[in-house]
Engineer: 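I have a structure I would like to understand better, so I am pasting it below and will then ask my questions one at a time.
Proteins come first, then strands; the chains are lettered A, B, ... in the order of their sequence lines, and each starts at number 1. Quantities reported herein were computed from a predicted structural model and do not represent experimental measurements.
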Amino acid sequence: MNASVKPPQSPAETSLVESFEALRVSGVAAVQEEAFARFLNKGLPSRRIEAWHYTDLRTQLKRAPLPARVEAAAEAADGAALVFLDGALVGEPQAPQGVSIERATAGRRLAAPVIDEDDASIALARAFSRETITIRVEANAHCALRFVFQNSETAATSAAHVIVSVEAGASLTLIESLDSAAGAGHLAQALIEFDVGEQSKVNYIRINSLDAAASAVSTLGVDLAARAQFDTLSLTTGAALSRHQIFVRFAGEHAKASICGATLVRGRQHADTTIIINHAAAHGESREVYKTIVDDEATGVFQGRINVAPGAQKTDARMASNAMLLAEGASMYNKPELEIFADDVQCAHGATCGELDDDLLFYIMARGLPRREAEAMLLEAFVAPAFDGVEDEDMRETLMERVRGWLAQRK
Amino acid sequence: MLKIDNLHARVDDKEIIKGLSLSVKAGEVAAIMGPNGSGKSTLSYVVAGRAGYEVTDGSISLDGESLLDMEANERAAKGLFLAFQYPLEIPGVTTMTFLKAAMNAQRKQRGEAEMSTPDFIKTVRTAADKLGIKQDFLRRPLNVGFSGGEKKRMEVLQMMLLQPRLAILDETDSGLDIDALRIVAEGVNALRSPDRGFLVITHYQRLLDYIKPDSVHVLSSGRIVKSGGPELAHELERNGYRDYVADAA
Amino acid sequence: MPAVQETVDRVKSVDVDAYKYGFVTDIESEKAPKGLNEDIVRYISDRKSEPAWMTQWRLDAYQRWLTMTEPKWARVDYPPIDFQDLYYYSAPKSMSGPQSLDEVDPEILKTYDKLGIPLREREALLGIPSSRVAVDAVFDSVSVATTFKAELAKSGVIFCPISEALQSHPDLVRQYLGTVVPVTDNFYATLNSAVFSDGSFVYIPPGVRCPMELSTYFRINERNTGQFERTLIIADKGSYVSYLEGCTAPMRDENQLHAAVVELIALDDAEIKYSTVQNWYPGDSDGKGGIYNFVTKRGDCRGARSKISWTQVETGSAITWKYPSCILRGDDSRGEFYSIAISNGKQQVDSGTKMLHLGKNTSSRIISKGISAGRSNNTYRGQVFAHRKAQNARNFTNCDSLLIGQQCGAHTIPYIESRNASAVFEHEATTSKISEDQLFYCMQRGLSGEEATALIVNGFVRDVLQQLPMEFAVEAQKLIAVSLEGSVG
Ligand SMILES: Nc1ncnc2c1ncn2[C@@H]1O[C@H](COP(=O)(O)OP(=O)(O)OP(=O)(O)O)[C@@H](O)[C@H]1O
Ligand SMILES: [Mg+2]
């Protein structure tokens, strides 16, 4: 019962120590050492920490592999793509007009960090990040970028740290993909921080299709200046164990954010999305729409908290999380929270959890469709609203195609 | 009885009423017409004392007493009634409960005794019947889920019960079907008396065919730009506001 | 539009001191020495001439409690409680157990008169028949009177202080006590198990519809005294009972601890309706004094088709920590939770429910209305859980919060956990303020700002008020107006 008594190291923690030892061999920066010490002090997050109640990394993460060897090879990346192989940026990427990309040793911080540095998973990601990639989008520039996170055949513990600074009036479209070689038990970590300047606009799409043997722990931090707009969407079908946490701060007035996603899991996958929206300034508008489909013995977790600070009047915040369970062994944990300290606000959340509507299924089957197709039709319709905000038709179709692909693989 | 003199008023730092003067005598029915956005509803809110509507100059008085320093409920107790262009919904509060609370609050402020429950129910039922409002509406939460026309009838019902000295009707005719329009007009006409005044805001001659006004005023860009007798309404119906909008600019 | 300046000013001068039940009854009492140890536990058991198993039960609980720490997860904040600086037993000197009303100290009778609680059956009988309510009055640590016992006995209903039940129906108590809230459940429940002094015991025999409302009225009078009452209600097969609970305490500068345990058991086809109007002293406007209300209430729908419904109107206490819950064990059983929680001044409320769906076709419904004013914080915390085997479980949850003024907080923390694909859970929550437009509309019709606010708030909580028995609903409605006094412009 006494919190000061630290539990003995779990196998995953022991392997992380070994992994970090191996990293030291090729040299680590002081900030990495410091971050690892902070991590060790806390240990892997367990269910006794409220924010990790449904994803107990201490017990659920079995083993962390060693880090990958530092590759000397410099594969040329195509166009405006930043390719990360096992967490490390490959080659010297070409920056498009209006963008600068800078590589530096690890340790850079956002001027006003929005992520929770008390979180042990963030300390761990910092410890394993060898460098910080800083991307600057100049004021009033309009550009598109891609992040390609690849993980090789040899399982590795890795982390990438990227800071994206979008200056006033600029706009950025960013598409990120995560993949890994079949059967490799990677532990892929990422820490991506956005500094979104006044009146600038970011559109960020993230597709996690890691192999079902990999684990992924990632954090996204977003700081919004006045009248900035940040739209993000993530589609998660991959990883045995994934946790994606999103911290958004409304630092300036009249900012807008839309955080949407679809999570489709099966087998024994465990997928956790945790969102914390901090409305610190007035007239902010936030929207979250998350759809989760859980099949077989998989587990879905959605935690979403809306904080409204004193003085953040006229905040308009809405959050919806809907889950569909397809099999007897499936589980869903939903924790939508409101924490409101300003009186002139409109805040709401809704959460539902259920199975496919029998009447609808029957109706469609009566028109001649086989059960699986009828189900797929309904499930597609269930997921679609999460993609409503995607303006690019082709992109939306690509996303839906992936959803269909996932549905087609149902047993 | 109602006297508005050189009124200037602003909302959210935007001046909307710009030097408006108007008076309504006891027994008089005055009609206000004017293009969309000219400030008619704003005028009614300013007179009724809505928060956020700031009077920067001029005066408003009822029976010689300035209204400007009074709360909205004090003005109501003085006999001012506003039938809203867009009546509000009050979830969970039944129409009956609301009517009783309003009636007794006004009586209390005037130092009168509360009405007994049986008397009250009887009065409400009679008035509702006259306006063709079904009894079960009285048990539903006020205006919640009511149609546009039903809400307007409910406004008139409240007016009949509260027996104001001066009633402002803000587009009470819009949204009413033909029969309802006649019923509502009859309700207003029944209330017409030598010691009661009306300020009727409308876009259509139709209503004025039923409620014959004594005077007609054209409101444009926050000012009264033309006043006349009932014939002015007919002229507007034929020619529109063209002439007056230009005048005001 | 933000609250008008006047609202803000009034909030600043909020006068929680208007608490109407804050008087002290001047009466001599017999107290156990201050502090807690095995001897005190034995002393309490001894005063009640309890059977040996009960004494042992308490001592086991005490030993267990020594190994526990206070829960810290709730969104409440208070200085550490010195558990050795409290009296754990206090009884009016004139009393040595339940007795006839004629022997009750007239000062105590006067207290209940002042509180408007009818203890004289004859007087109650003169009233409207429908408002007949049997009352068990608990004054500090003991039950001082229970009315209508004889009449209830005619239909086989047992309604008496739990201390008396331990004498007259020890087997029933032993069979059920601690089966819903285990001795080891949580810090305060375990403490209660060790030192509980009195409370009510109800048993409704099979097929009986309890002929009148039962109620317990709790009053803390003595200084520095913890109140640890224990209520146990058993509704046997096919029976029905509606039970009401009310509470008040004098205004005192120091905080007083109230750690009650309520256990409800509904067997096949039985129904229990449990209503609370909680109006403990909330402390003054600076947060000085007031009751710490750390209560464990749980109902067990043990039988098939059983139903337990909790309704609460929470307006009092400096701190409320309370989650009346339902274990939906029986197939087709149903749990309900209806709550109005109002906080003003510096009150802190962390309250909600748990609906644990274990059986098939179980259903639950949660309606929570939170209103925060002044500098208070009001949290709804609820859990809805479907077990792997809870086929076709259903839950509907609606949590609405209303903020009055800019210095208070409203929080919603639901845990929605489904491990069954056929379970359907729906949850919705909103936070808003009273609209200025609605206020203006009401004021245009003649209502003052305060009247208009009370009217709109009453509309806001109507769904819950309707769940209360008539007599309570009226009282609750008045209470809502009183607790919001001074908070609105
Ligand atoms: N809160 C506000 N802030 C800024 N402008 C406002 C506000 N309220 C009203 N206005 C503007 O004031 C003008 C007058 O509005 P008002 O509602 O009084 O018009 P109206 O004459 O009643 O129109 P209608 O015939 O359409 O009912 C409009 O241009 C309107 O947009
Ligand atoms: Mg208008």
Engineer: So which residue, A:Ala317, A:Pro336, A:Gly354, A:Ala348, ends up with the most heavy-atom pairs under 4.5 Å with chain C?
Structural biologist: A:Pro336
Engineer: Where on C:Gln391 is there a heavy atom nearer than 4.5 Å to chain A: the side chain, the backbone, both, or neither?
Structural biologist: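 Side chain of C:Gln391 only, per the 4.5 Å heavy-atom cut-off to chain A.
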Engineer: What part of A:Ala351 gets within 4.5 angstrom of chain C, counting heavy atoms only: side chain, backbone, both, or neither?
Structural biologist: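 Both backbone and side chain.
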Engineer: Indicate yes or no: at least one non-hydrogen side-chain atom of A:Leu44 is less than 4.5 angstrom from one of A:Leu61.
Structural biologist: yes
Engineer: With a 4.5 Å cut-off on side-chain heavy atoms, are A:Val265 and A:His270 touching?
Structural biologist: no
Engineer: Is A:Phe302 in contact with chain C via its backbone, its side chain, both, or neither, using a 4.5 Å heavy-atom distance?
Structural biologist: neither
Engineer: Compile the donor-acceptor pairs under 3.5 Å between side chains in residues 241-257 of chain A and protein atoms, sequence neighbours left out, one pair per line.
Structural biologist:
residue, atom, partner, partner atom, Å
A:Arg243, NE, A:Gln245, OE1, 3.1
A:Arg243, NH1, A:Ala51, O, 3.1
A:Arg243, NH1, A:Asp272, OD2, 2.8
A:Arg243, NH1, A:Thr274, OG1, 3.2
A:Arg243, NH2, A:Ala51, O, 3.1
A:Arg243, NH2, A:Gln245, OE1, 2.9
A:His244, ND1, A:Ser218, OG, 2.8
A:Gln245, NE2, A:Asp119, OD2, 3.1
A:Gln245, NE2, A:Ser121, OG, 3.2
A:Gln245, NE2, A:Thr219, OG1, 3.1
A:Arg249, NE, A:Asp223, OD1, 3.0
A:Arg249, NH2, A:Ala112, O, 2.9
A:Arg249, NH2, A:Asp223, OD1, 3.4
A:Arg249, NH2, A:Asp223, OD2, 3.3

Engineer: Name the member of C:Ala410, C:Ser432, C:Ala393, C:Cys399 that forms the most heavy-atom pairs with chain A at distances under 4.5 Å.
Structural biologist: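 The candidate making the most pairs under 4.5 Å is C:Ala410.
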Engineer: Can you tell which part of C:Asn398 gets under 4.5 Å to a heavy atom of chain A, answering side chain, backbone, both or neither?
Structural biologist: neither
Engineer: Please classify the contact between C:Ala423 and chain A as side chain, backbone, both or neither, with a heavy-atom cut-off of under 4.5 Å.
Structural biologist: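 Only the backbone of C:Ala423 comes within 4.5 Å of chain A.
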Engineer: Are A:Asp296 and A:Arg268 ion-paired here, with the side-chain N under 4.0 Å from a carboxylate O?
Structural biologist: no
Engineer: Between A:Leu338, A:Leu325, A:Val294, which shows the greatest number of heavy-atom pairs under 4.5 Å with chain C?
Structural biologist: A:Leu338
Engineer: Charged N to carboxylate O below 4.0 Å: is that the case for C:Asp350 and C:Arg75?
Structural biologist: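 Looking at C:Arg75 together with C:Asp350, the answer is no, because their closest N to O distance does not fall below 4.0 Å.
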Engineer: Taking A:Glu50 first and then A:Lys335, would you say they form a salt bridge - that is, a charged N and a carboxylate O separated by under 4.0 Å?
Structural biologist: yes
